[in-house]
Undergrad: 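Structure provided below as structure tokens; questions to follow.
Within every chain, numbering begins at 1; the chains are lettered A, B, ... in the order of the sequence lines, protein sequences first and strands thereafter. Reckoned from all heavy atoms, side chains included, excluding hydrogens, waters and symmetry mates. The model shown is predicted, which means the values in this text are computed figures rather than measured ones.
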Number of protein chains: 4
Amino acid sequence: MKTPRAVPAEQRVRHPTEVRRQLIVRAALDLMAERGISGVNAREIAKQAGVSPGTVSYHFASVREILAEAITVTIEEYYATLTAGIQQRTPTEALRALIDALFTDDTERHWRLWFEYWWSGNSDEDFAARQAARYADWHAQIHAIIAAGCDADEFSCADPDEVTVRFVALVDGLALQWLRGAPSLTAEQAREHLHRFVVDSLMPAPNS
Amino acid sequence: MKTPRAVPAEQRVRHPTEVRRQLIVRAALDLMAERGISGVNAREIAKQAGVSPGTVSYHFASVREILAEAITVTIEEYYATLTAGIQQRTPTEALRALIDALFTDDTERHWRLWFEYWWSGNSDEDFAARQAARYADWHAQIHAIIAAGCDADEFSCADPDEVTVRFVALVDGLALQWLRGAPSLTAEQAREHLHRFVVDSLMPAPNS
Amino acid sequence: MKTPRAVPAEQRVRHPTEVRRQLIVRAALDLMAERGISGVNAREIAKQAGVSPGTVSYHFASVREILAEAITVTIEEYYATLTAGIQQRTPTEALRALIDALFTDDTERHWRLWFEYWWSGNSDEDFAARQAARYADWHAQIHAIIAAGCDADEFSCADPDEVTVRFVALVDGLALQWLRGAPSLTAEQAREHLHRFVVDSLMPAPNS
Amino acid sequence: MKTPRAVPAEQRVRHPTEVRRQLIVRAALDLMAERGISGVNAREIAKQAGVSPGTVSYHFASVREILAEAITVTIEEYYATLTAGIQQRTPTEALRALIDALFTDDTERHWRLWFEYWWSGNSDEDFAARQAARYADWHAQIHAIIAAGCDADEFSCADPDEVTVRFVALVDGLALQWLRGAPSLTAEQAREHLHRFVVDSLMPAPNS
DNA sequence: TATGAATGAGAGTTCATTCAT
DNA sequence: AATGAATGAACTCTCATTCAT
């Protein structure tokens, strides 16, 4: 998860723009995870990336752009991880895998960056639109799994829409408590709570 | 050791420190609600409060202190409002009143400031400790209502702790979706969802 | 040597201007000795004196004036101490007493303040004139003792003026090394050096 | 996170850091000599150096650092001048050359800056350590000349250590009187006094 | 493509002084 | 005589951005 901090300094390499952009974005991500968004500035990004401030400006129009790009990358990677665990399983297994992937030590960084960035006031319209779409996707994916489970009689659900909203809200709310750290909720506890929620809401006692 | 300036005075209004501090905090809150936390600075606070920058520094040691104070005030007021609606009611009525008070246009500002400040990295240890205590209070209050309802046989609940955690997480998660604005959840929908959650979790069908 | 830091705060007393001025000057001296001249400001002087900033401004036209007054007081006291030890003695005893009074732990504060203030750029013409007169006095006093010793055949000196200049310069130079602290010269060593100087220059071997 | 400004550029001159640092230090020295240390600030240094305030900050971490560097340069140059006149001479000639180099109109600026800075409270530990070493060097150099003179029978001295301390103190004390300007001692008189001191202390009448 | 010295507006903070009370 | 809230210019330092090389 940590980008190596290679800073040759003497033998500076020329990279195609896309490669250099990625290196800079990775450097920015490391800094953001370490010091928080307000602790990141152009000079530090340049130093972390092993290039001069001019190089950073050459490849990006502004620091804002770097941060937005970095957050986008973080979220893409996170969703890719989540989605990867879902494919080709029964709905029950899919939900279990999803919940287990949501809160891990690896994902804490993603959640933290995401929350912090969201409220930092740095997001522009373009970015907001993309994230809204991403969030709708996430919502739809949960809904699809639940609906499939209902269809296959794995789940017994009166209202899949209702359960979806509740599930998504619960995920965000538990994440918040987890990151906030008080009254301390561990990643494991958050996962267990979600598993219980699935059982309670979608798998009622067979004799009822 | 440099010669200082004269003071025109015009129409100086004098206030006791406590009054002036409150005026400055209110000015800061207005700015924070309008422009976000990163859009607030000492000069603007002074202008908004109708005083000179020196006056702000006279009453507060730092801008950070103003922001922390402002957020504290916001939260205190919000919790006071919530708590006011709870007293002297049956548990069922108390929960209903609480939910209706949680998401209103008035409270949006509180939620927004609260989230933004939380992630801004401006909070110090002292502040964090106070907020953790406040959050624990909130948790305890919900738990008390639910437990009282169970004791009075208004609610039927297997595990009050479980329900409390779920309720609190749901509140935060719905608030997040509401403020985030995508996929747009209105305050009314959030309230309705919570009301349904109470019915589902605490008031099962009587014949069961 | 330390002014007590009485700060009643509740029961503030009214003092005649001269008394209040002295209290403020003493407070300023304590601060100057403790933190150096650049570490002293109007607010701190007021706090140390147990009065409000306004009171300081009421009694003094400027901070500069307080500092000048404070240094003047310091020097007056120092010279009074030096002079006290000289009266009614033989020239030899007078010089000995003088040298012993020059460098003591008590006088370090006086020297330090004096040097620091001298170079701080705060001295105005009025102050400079008074200090020049004071310095001429000091010079004359040394000269008088030496001349008296020569007249009384206690000292054998070819040129009293010459010896006076050398003695005065030596005093200042040793003080500088002492305060500077490197290569460490103690107060005792400085005194001994001056005593040897007196013997060398004014009391040659009787058989020569 | 605020939008920055454009740069007019006009006639920007670019220098390697080391060159620019020296130019800034020279500018600071000019100001210090003219207005005293307390009259120097970052803005003025920038203006004097013909650069923007930002450029000053780019090359130095703080104003303090500039002042310390400036004083160091001053002292280095002064000692270099003194030392230059000493080499390859007899001890007698060396001392004469040294004394003549000590007090000249050129060196007044060095003495003044040195004294002023010493008491300004701006010096840090690092600086103090370096200056202590420099002062020890100076002491050692005087001692070496005197000892060489004694060995070569040019000087007749009972105690070279004693004479060294006295010589160094005399130099500082005379400098103080010279710069202080009251009771006015000229550079020429100071030099003459030191020459007489050398004759008195190290070159007694041949018949003794 | 990459550099890094240069920019300058603006940030937070300090502080001697004023003046209504 | 004493207060202390208020002032505002001036301070040092930051930093995203520019541009000649």
Undergrad: Which whole-number value in Å describes the distance from Ile37(C) CD1 to dA16(E) C1'?
TA: 17 Å
Undergrad: Starting at CG of Leu31(A), measure out to NZ of Lys47(A) and round the result to the nearest 0.5 Å.
TA: 9.5 Å
Undergrad: Ring-plane angle category for Phe115(D) and Trp119(C), please: parallel below 30°, perpendicular beyond 60°, tilted otherwise.
TA: parallel
Undergrad: Please classify the nucleic acid contact of Val51(D) as base, sugar-phosphate, or nothing, using heavy-atom distances under 4.0 Å.
TA: sugar-phosphate
Undergrad: Return the nearest nucleotide to the side chain of Thr55(A); candidates are dA16(E), dG12(E), dT3(E).
TA: dT3(E)
Undergrad: Is the distance from OP1 or OP2 of dT18(F) to the nearest side-chain N or O of Ser57(A) less than 4.0 Å?
TA: no
Undergrad: Would you mind telling me which of dG8(E), dA2(E), dT13(E) lies closest to the side-chain atoms of Ser52(D)?
TA: dG8(E)
Undergrad: Tell me: CZ of Arg21(B) to C1' of dA5(F), nearest whole Å?
TA: 14 Å
Undergrad: Measure the distance from CD on Glu44(B) to C1' on dG12(E) and round it to the nearest whole Å.
TA: 14 Å
Undergrad: Could you tell me whether Asp126(A) and Arg130(A) have a side-chain N and a carboxylate O separated by less than 4.0 Å?
TA: yes
Undergrad: Nearest whole angstrom, please: distance from the C1' of dT3(F) to the NE2 of His59(C).
TA: 11 Å
Undergrad: Do NZ/NE/NH1/NH2 and the carboxylate oxygens of Arg21(C) and Glu65(C) come within less than 4.0 Å?
TA: yes
Undergrad: Considering heavy-atom distances to DNA chain F, does Gly54(C) or Gly54(B) have its closest nucleotide positioned more toward the 5' end?
TA: Gly54(C)
Undergrad: Please determine, for dT14(F), whether a Watson-Crick or G-U wobble partner exists with both distances under 3.5 Å, and give it or none.
TA: dA9(E)
Undergrad: When you match Pro53(C) and Ala61(B) each to their closest nucleotide on DNA chain E, which lands nearer the 5' end?
TA: Ala61(B)
Undergrad: Does Arg20(C) make a side-chain N or O approach to OP1 or OP2 of dA1(F) shorter than 4.0 Å?
TA: no
Undergrad: Which whole-number value in Å describes the distance from Leu67(D) CG to dC11(F) P?
TA: 14 Å
Undergrad: Rounded to the Å, how far apart are Lys47(B) NZ and dT7(F) C1'?
TA: 17 Å
Undergrad: Would you mind pulling out the nucleotide paired to dT7(F), Watson-Crick or G-U wobble, both distances under 3.5 Å?
TA: dA16(E)
Undergrad: Rounding to a whole Å, what distance do you find between Asn41(D):CG and dA9(F):P?
TA: 16 Å
Undergrad: Answer with yes or no whether Tyr58(D) presents, from its side chain, a donor or acceptor under 3.5 Å of a partner atom in the base of dA6(E).
TA: no
Undergrad: Provide the Watson-Crick or G-U wobble partner of dA1(F), both distances under 3.5 Å; none if there is no partner.
TA: none
Undergrad: Could you check Ser62(B) against Ala42(C) and say which one's nearest nucleotide on DNA chain E is further toward the 5' end?
TA: Ser62(B)
Undergrad: Write down the atom of Ile71(D), the atom of Leu113(D), and the distance for their closest heavy-atom approach.
TA: CD1-O, 3.7 Å
Undergrad: Any donor-acceptor pair under 3.5 Å between the side chain of Arg43(B) and the base of dG12(E)?
TA: yes
Undergrad: It should be established whether Thr17(D) places a side-chain nitrogen or oxygen under 4.0 Å from OP1 or OP2 of nucleotide dA5(E).
TA: yes
Undergrad: If we count only N and O atoms by modelled type, under 3.5 Å, do the side chains of Thr55(C) and Arg20(C) hold a donor and an acceptor together?
TA: no
Undergrad: Give the nucleotide from the list dT17(E), dA16(F), dA20(E) with an atom nearest to the side chain of Arg14(B).
TA: dA20(E)
Undergrad: Let me know the distance between CZ of Arg64(C) and P of dC15(E), rounded to the nearest Å.
TA: 18 Å
